[in-house]
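Basis for what follows: all heavy atoms, side chains included, without hydrogens, waters or symmetry-related copies.
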2 protein chains.
Amino acid sequence: MPADVAATSNPARVAWSCVAALFMSPQNHGRFAQTAAGIGLNPGAMKALMTLHTMGELPMRALGSELHCDASMVTQMVDALEAKGYAERVASPTDRRVKLVRLTKRGVNARHQALDQLSVPPAAITSLPERDQEALARILAKALTLADPPMDPPHTV
Amino acid sequence: MPADVAATSNPARVAWSCVAALFMSPQNHGRFAQTAAGIGLNPGAMKALMTLHTMGELPMRALGSELHCDASMVTQMVDALEAKGYAERVASPTDRRVKLVRLTKRGVNARHQALDQLSVPPAAITSLPERDQEALARILAKALTLADPPMDPPHTV
DNA sequence: TATTGTTATACTCTATAACTATA
DNA sequence: TATAGTTATAGAGTATAACAATA
């Protein structure tokens, strides 16, 4: 790392800009979309798939606020998930206006497949010495727990 | 980090999946698009802006292959850059079919502004102990140099 | 005949507004 | 009257195909 970077930027900024560079590199570009295509979904619907597994059974509208999109988008995403047999709509027992979205067994499997593909590290990471890889894994996993709200490492959920 | 993650996955996978989780989190979601909007571009055009600065004067088609998109997309992206005064087309001295794209001073400034915004780290990173932040920065900067082709930390270019 | 960049066109994804049903 | 979800519609972004200029 050039000396002027360390001098003019704080470590958190340097770290994050490196993360961004790795993530937006041509090598990584399109990975998310390709993974989604691999399970027959578009990126938005795949994100819903991820969120549902983490959150469990969820009203449509709650899913929307979780994903920062409006109700009509949720309808379309859940339509896509249902079409692939990855989720189903269940009537809420307490409010007949509300529909709950629930992942199917098949949806859980698709999610695992996608996650497995997304977590394949780029050469920049695998080329690091083992010791550095371990430090990265340890520190980044810790960072997830410090997020607000705390996140689980994707592998575990 | 739960023990089973360490047991069933190698450190590089864990590290990368954590990076992905941070980058795709709702907190970070839309950052790229918002930054692009801040300099009056859409995400694709902003990516071209980044690439141009790194690569210097470039034929349209070379820019396209760098960005993994076809020629007509390049035309549209460079149109957007020209409209904002961020780049200009220059006739190639050796081949009259070819147009070179060159960033303007204004384009370089816009890029710095965008980069500055993109490198603001999320709370998950800033909440780490200083010592961890420094380790992250050091290791990730090293990882960039190990990429193929090697990358510069965004701050430096 | 092949290649560069452009234009015209269509498709996908996302966002907005009007609608139905329940509360 | 307010809220949940849907449908209809329009917009942005991206990709495909036909085109003119040059090699």
Side-chain angles (χ1 to χ4, degrees), chain A residues 24 26 29-52 55 57-84 87-102, chain B residues 24 26 29-49 51-52 57-84 87-102:
Chain A
M24 306 185 313
H29 185 261
R31 272 274 288 285
F32 197 78
Q34 279 164 26
T35 300
I39 54 174
L41 299 175
N42 63 31
M46 184 166 81
K47 207 150 181 5
L49 185 73
M50 303 291 181
T51 304
L52 278 169
M55 307 291 291
E57 211 166 65
L58 215 58
M60 305 277 287
R61 197 154 285 262
L63 178 57
S65 82
E66 193 65 28
L67 296 170
H68 295 108
C69 64
D70 80 347
S72 75
M73 275 301 309
V74 178
T75 296
Q76 295 175 57
M77 292 187 303
V78 174
D79 282 349
L81 293 180
E82 273 196 340
K84 297 294 295 183
E88 53 197 4
R89 283 176 237 237
V90 187
S92 161
T94 58
D95 186 334
R96 284 168 53 191
R97 291 173 305 179
V98 173
K99 294 174 189 171
L100 304 173
V101 189
R102 178 164 63 199
Chain B
M24 307 186 313
H29 186 261
R31 271 275 287 284
F32 197 79
Q34 279 164 25
T35 301
I39 55 173
L41 298 175
N42 63 32
M46 183 166 82
K47 206 150 183 359
L49 185 74
T51 303
L52 279 169
E57 212 166 64
L58 216 59
M60 304 276 289
R61 197 154 285 261
L63 178 58
S65 82
E66 193 65 29
L67 296 170
H68 296 108
C69 64
D70 80 347
S72 75
M73 275 301 308
V74 178
T75 295
Q76 296 175 56
M77 292 187 302
V78 174
D79 282 350
L81 293 181
E82 274 197 338
K84 296 295 293 183
E88 52 198 2
R89 283 176 237 237
V90 186
S92 162
T94 59
D95 185 335
R96 284 169 51 191
R97 290 174 304 183
V98 172
K99 293 174 188 170
L100 305 173
V101 189
R102 179 164 63 200

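- OP1 or OP2 of dG5(C) has at least one side-chain nitrogen or oxygen of Arg61(B) nearer than 4.0 Å.
- Summarising the geometry, the separation between NZ on Lys99(B) and P on dT22(D) is reported as 10 Å, rounded to the nearest angstrom.
- Separating the CE atom of Met77(A) from the P atom of dT6(D) is a distance of 11 Å, rounded to the nearest angstrom.
- Distance from the side chain of Met73(A) is smallest for dT14(C) among the nucleotides dT14(D), dT14(C), dT3(D).
- Across dG5(D), dA8(C), dA8(D), the shortest atom-to-atom separation from the side chain of Thr75(A) is found for dG5(D).
- Without hydrogens or angle criteria, Asp70(A) side chain to Met73(A) main chain gives a donor-acceptor distance under 3.5 Å.
- You'll find that the side chain of Met60(A) is closest to dG5(D), out of dT14(C), dA23(C), dG5(D).
- Atom-to-atom, CG of Asn42(B) to P of dG11(D) comes out at 18 Å; the value is rounded to the nearest Å.
- Between the CG atom of Asp79(B) and the P atom of dG13(D) there is a distance of 14 Å, rounded to whole Å.
- Atom pair Lys47(A):NZ and dT14(C):C1' shows a separation of 15 Å (rounding to whole Å applied).
- Note on Ser72(A): a base of the nucleic acid sits closer than 4.0 angstrom, heavy atoms only.
- Heavy-atom minimum distance, Leu81(B) versus Ala48(B): CD1-CB, 4.2 Å.
- Both Asp70(A) and Thr94(A) sit near DNA chain C, but only Asp70(A) has its closest nucleotide nearer the 5' end.
- Closest of all the heavy-atom pairs between Leu67(A) and Thr51(A) is CD2-OG1, 3.2 Å.
- Between His68(A) and Arg96(A), the one whose closest nucleotide on DNA chain C sits nearer the 5' end is His68(A).
- The Pro59(B) side chain lies nearest to dG5(C) when the options are dT14(D), dT6(D), dG5(C).
- Of all non-hydrogen atoms in Leu58(A) and Leu52(A), the two that sit nearest each other are CB-CD2, 4.2 Å.
- Taking atom CG of Leu58(A) as the reference point, atom C1' of dG5(D) lies 14 Å away to the nearest angstrom.
- Comparing Gln76(B) and Arg97(A) against DNA chain D, the residue whose closest nucleotide sits nearer the 5' end is Arg97(A).
- One atom, CG of Leu63(A), and another, P of dT6(D), lie 11 Å apart when rounded to the nearest Å.
- Annotation for Val101(B) and Ala87(B): closest pair CG1-CB, 4.0 Å, computed over non-hydrogen atoms.
- For Met46(A) and dC13(C), the CE to P distance is 13 Å, given to the nearest whole Å.
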